[in-house]
Amino acid sequence: MNRNNFRSLAFIAATACLGVGLGAPASLAQTDSADRPAEALAWMQGEWQGEGWIIGRDGQRRTFTVAESVRSAADGHVLQIHGVGTAQGRVIHDAAGFVTRTESGMTMQAVNMQGQSQTVPLEVTENGFAWQLVMGDYGRVEYEASHVDGLWIETGAWCPIGGECIQNFSMQLTRTDGAD
């Protein structure tokens, strides 16, 4: 087997192992780098730490510390977000988000530490991004994040079905890896 045939076979085998289809639509396979999540949200990449608060279903406001790690993958086609929140020495939040682009725009698959997962639209805004989680009979939670003066500021509001939205989440993070 000559070298070129071997390289072709190795590529096909590696692609098959990853579960990647060779017949991807051209519109997805040839995304301009500016349209890739890692470029659109470049400010996020790196290590972040900070504090926040959340109001639980019991109405109690609880504070926490949080660390977020954000990485580009697949040549910028994926932005991986991993956040861990602690309070009183125990993990209270451990979640991951995977931001990708589809034909209809950016989406994020959000997965929490209970194993619950949702894939939701993610809107890139002038200074950050916005997204929401559907909570079934409880309504939805709308999140908005911004990058202002080197800070990652994110808020959330619980929106009961047929009711007004009420802020129930806020965090403010600073970069800890020296970039920005």
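All of these numbers come straight from a predicted model, not from anything done at the bench.
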* Asked: Hey, any chance Trp43 and Val99 share a hydrophobic cluster, counting ILVMFWY side chains that come within less than 4.5 Å of each other, even indirectly?
  -> yes

* Asked: Does Val124 belong to the same Ile/Leu/Val/Met/Phe/Trp/Tyr cluster as Trp131, with side-chain heavy atoms less than 4.5 Å apart forming each link?
  -> yes

* Structure fact -> Correct closest heavy-atom pair for Ala38 and Ser72 would be CB-OG, 3.4 Å

* Asked: Shortest non-hydrogen contact from Asn112 to Gln116?
  -> ND2-OE1, 2.6 Å

* Apart from Trp53 itself, what residues make up its hydrophobic cluster, given side-chain heavy atom links below 4.5 Å? -> Ile55

* Asked: By ring pair (Phe, Tyr, Trp, His ring centres under 6.0 Å), which residues pair with Trp158, not counting sequence neighbours?
  -> none

* **Heavy-atom check, side chain of Asp35 versus side chain of Arg101, under 4.5 Å** => yes

* Structure fact -> Taking every heavy atom of Gly83 against every heavy atom of Glu68, the minimum-distance pair comes out as CA-OE1, 3.5 Å

* **Side chain to side chain, Tyr143 and Leu133, heavy atoms closer than 4.5 Å** => yes

* To do: Provide the closest heavy-atom pair for Val111 versus Ser117 in the form atom of the first, atom of the second, distance.
  => CG2-OG, 3.7 Å

* To do: Using a 4.5 Å cut-off on heavy atoms from C-beta on, say whether the side chain of Met106 contacts that of Pro121.
  => no

* Verdict with reasoning, His147 to Met44, per side chain to side chain contact (heavy atoms under 4.5 Å, CB included) -> CA-CA 8 Å; His147 184 230; Met44 293 180 68; over 6 Å; no

* Test log, rule side chain to side chain contact (heavy atoms under 4.5 Å, CB included), inputs Leu122 and Leu41 -> CA-CA 11 Å; Leu122 183 136; Leu41 296 168; 4.1 Å; yes

* Report the residues that fulfil salt bridge (Lys or Arg N to Asp or Glu O under 4.0 Å) with Glu47, sequence neighbours left out, ordered by chain and then residue number. => Arg71

* Spacing of OG1 belonging to Thr63 relative to CD1 belonging to Ile54, to within rounding of 0.5 Å -> 11.5 Å

* Less than 4.5 Å apart, any side-chain heavy atom of Phe169 and any of Val141? -> no

* Using side-chain contact (heavy atoms from CB on, under 4.5 Å) as the criterion, list what pairs up with Ala73, not counting sequence neighbours. => Val78, Gln80

* Check: Leu151 and Thr174 side chains under 4.5 Å, non-hydrogen atoms -> yes

* Please list, chain by chain and in numerical order, all residues satisfying side-chain contact (heavy atoms from CB on, under 4.5 Å) with Ala67, sequence neighbours excluded. => Gln49

* Asked: Can you check whether Ser104's main-chain N or O pairs, donor with acceptor, with Thr102's side chain at less than 3.5 Å?
  -> yes

* Any side-chain heavy atom of Trp48 sitting closer than 4.5 Å to one from Ile81? -> no

* Looking only at non-hydrogen atoms, find the nearest pair between Arg140 and Cys165 and report the distance. => NH2-SG, 4.2 Å

* Could you list the residues that satisfy side-chain contact (heavy atoms from CB on, under 4.5 Å) with Glu164, not counting sequence neighbours? => none

* To do: List, by chain and then residue number, the residues other than Met113 in its hydrophobic cluster (Ile/Leu/Val/Met/Phe/Trp/Tyr, side-chain heavy atoms under 4.5 Å); write none if there are no others.
  => Val84, Val91

* Mind checking whether Gln172 and Trp152 have side chains closer than 4.5 Å, heavy atoms only? -> no

* Structure fact -> Taking every heavy atom of Arg175 against every heavy atom of Gly46, the minimum-distance pair comes out as NH1-CA, 3.5 Å

* Structure fact -> residues 118-128 vs side chain to side chain donor-acceptor pair (under 3.5 Å), sequence neighbours excluded, gives none

* Any side chain to side chain donor-acceptor pair (under 3.5 Å) involving residues 83-100? Give me the pairs, sequence neighbours left out, ordered by first then second residue. => Thr65-Thr86, His82-Asp94, Thr100-Thr107

* To do: Check salt bridge (Lys or Arg N to Asp or Glu O under 4.0 Å) between Glu154 and all other residues, then give those that pass, not counting sequence neighbours.
  => none

* Name all residues meeting the salt bridge (Lys or Arg N to Asp or Glu O under 4.0 Å) criterion together with Asp137; count only those two or more places apart in sequence or in a different chain, and write none if there are none. => none

* Test item: Gln45 and Leu79 side chains (from C-beta on) under 4.5 Å apart, heavy atoms -> yes

* Asked: According to the salt bridge (charged side-chain N to carboxylate O under 4.0 Å, His left out) rule, which pairs have a member within residues 51-60, sequence neighbours left out?
  -> Asp58-Arg62

* What do the steps show when you test Arg36 against Asp75 for side chain to side chain contact (heavy atoms under 4.5 Å, CB included), and what is the final call? -> CA-CA 9 Å; Arg36 296 177 187 176; Asp75 194 29; 3.0 Å; yes

